[in-house]
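Structure first, commentary second.
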Amino acid sequence: MSNLQMGAIESRFADIIWQHEPLSSADLAIYSNEQLGWKKTTSYTVLKRLCNKGIFQNNKGTVTSLISKNEYYSMQSEQFVAETFNGSLPAFLTAFTSRKSLTAEEVAHLKHLVAEYEDN
């Protein structure tokens, strides 16, 4: 799964694809120039790298995702918890809330998520 990691700039590029897909590689180069200041060659190089990682595909000039944005960030979150907290979500939440208090709305939302999980 570590092969799927993206840096901050790659993530911004990926967001362009997720926001506009399906899109032509030419349109992607235009968006990349407008939003990131990239030349076409840079856009194509990064696209190729992300395609090689299995996140996107470029099929005859049409770019689409193989992994949705939500799937990607879920996988990254799972990996972080697994590597940093030995897979323990309670340990992660303990660490997270030791420096940041949760709002009443956040607590209610978490309780709702747990209740939904228990019902399944």
Side-chain angles (χ1 to χ4, degrees):
M1 187 183 319
S2 61
N3 185 43
L4 295 181
Q5 290 183 340
M6 292 188 280
I9 296 298
E10 287 177 326
S11 292
R12 290 182 56 204
F13 179 76
D15 283 339
I16 294 169
I17 298 170
W18 281 318
Q19 181 180 2
H20 298 283
E21 72 174 311
L23 74 160
S24 70
S25 54
D27 285 342
L28 178 58
I30 292 168
Y31 287 129
S32 298
N33 179 267
E34 292 171 352
Q35 296 180 31
L36 303 171
W38 288 2
K39 295 182 180 182
K40 182 175 17 175
T41 54
T42 303
S43 175
Y44 290 163
T45 299
V46 175
L47 175 61
K48 183 175 181 176
R49 187 166 54 236
L50 296 180
C51 287
N52 289 339
K53 289 182 179 189
I55 300 170
F56 299 103
Q57 66 181 351
N58 184 358
N59 187 8
K60 298 179 183 175
T62 300
V63 179
T64 57
S65 63
L66 295 171
I67 300 171
S68 74
K69 184 176 183 176
N70 286 341
E71 289 173 310
Y72 174 78
Y73 285 111
S74 291
M75 290 166 54
Q76 293 302 301
S77 298
E78 290 170 16
Q79 181 178 349
F80 176 77
V81 171
E83 292 174 355
T84 310
F85 298 96
N86 294 321
S88 172
L89 186 56
F92 166 75
L93 288 173
T94 299
F96 183 83
T97 57
S98 70
R99 294 181 41 94
K100 180 191 181 298
S101 297
L102 297 175
T103 66
E105 293 82 15
E106 290 170 327
V107 170
H109 185 70
L110 288 172
K111 286 180 179 179
H112 176 75
L113 291 173
V114 170
E116 280 185 350
Y117 179 80
E118 290 176 334
D119 289 343
N120 291 328

List the atom of [X], the atom of [Y], and the distance in Å for their closest heavy-atom pair.
X      : Y      : value
Leu102 : Glu106 : CA-OE1, 3.2 Å
Tyr72  : Ile55  : CE1-CD1, 4.2 Å
Phe85  : Ala95  : CE2-CB, 3.6 Å
Ser88  : Ala91  : OG-N, 3.1 Å

Output the distance between atom [atom1] ([X]) and atom [atom2] ([Y]), rounded to the nearest 0.5 Å.
X      : Y     : atom1 : atom2 : value
Glu10  : Gln5  : CD    : CD    : 10.0 Å
Gln19  : Gln35 : CD    : CD    : 6.5 Å
Ile16  : Ser32 : CD1   : OG    : 4.5 Å
Leu110 : Thr97 : CG    : OG1   : 10.0 Å
Asn33  : Tyr31 : CG    : OH    : 13.0 Å
Leu89  : Glu78 : CG    : CD    : 10.5 Å

### Query
Where do Phe13 and Leu47 land on the side-chain contact (heavy atoms from CB on, under 4.5 Å) test, with the steps shown first?
CA-CA 8 Å; Phe13 179 76; Leu47 175 61; 4.0 Å; yes
### Query
Same cluster for Phe80 and Met6 if Ile/Leu/Val/Met/Phe/Trp/Tyr side chains link at under 4.5 Å?
no
#### Entry: Same cluster (ILVMFWY, side-chain, under 4.5 Å), Leu113 and Phe92
yes
### Within 6.0 Å of NZ in Lys111, more than 12 heavy atoms from elsewhere
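12 or below, so no.
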### Query
Just wondering, are more than 12 heavy atoms of other shown residues or ligands nearer than 6.0 Å to CZ in Phe96?
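Check fails, neighbour count at 12 or below.
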### Query
Can you say whether the rings of Phe56 and Trp18 are parallel (under 30°), tilted (30 to 60°) or perpendicular (over 60°)?
tilted
### Query
Could you give all pairs that pass the ring-ring contact (aromatic ring centres under 6.0 Å, His included) test and reach residues 97-120, with sequence neighbours left out?
none
With a cut-off of 3.5 Å and sequence neighbours excluded, list every side-chain donor-acceptor pair involving residues 20-30.
residue, atom, partner, partner atom, Å
Glu21, OE1, Ser65, N, 2.7
Glu21, OE1, Ser65, OG, 3.0
Glu21, OE2, Ser65, OG, 2.8
Ser24, OG, Asp27, N, 3.0
Ser24, OG, Asp27, OD2, 3.3

### Message
Does Thr41 form a side-chain contact (heavy atoms from CB on, under 4.5 Å) with Tyr44? I'd like the steps, not just the answer.
### Response
CA-CA 5 Å; Thr41 54; Tyr44 290 163; 5.8 Å; no
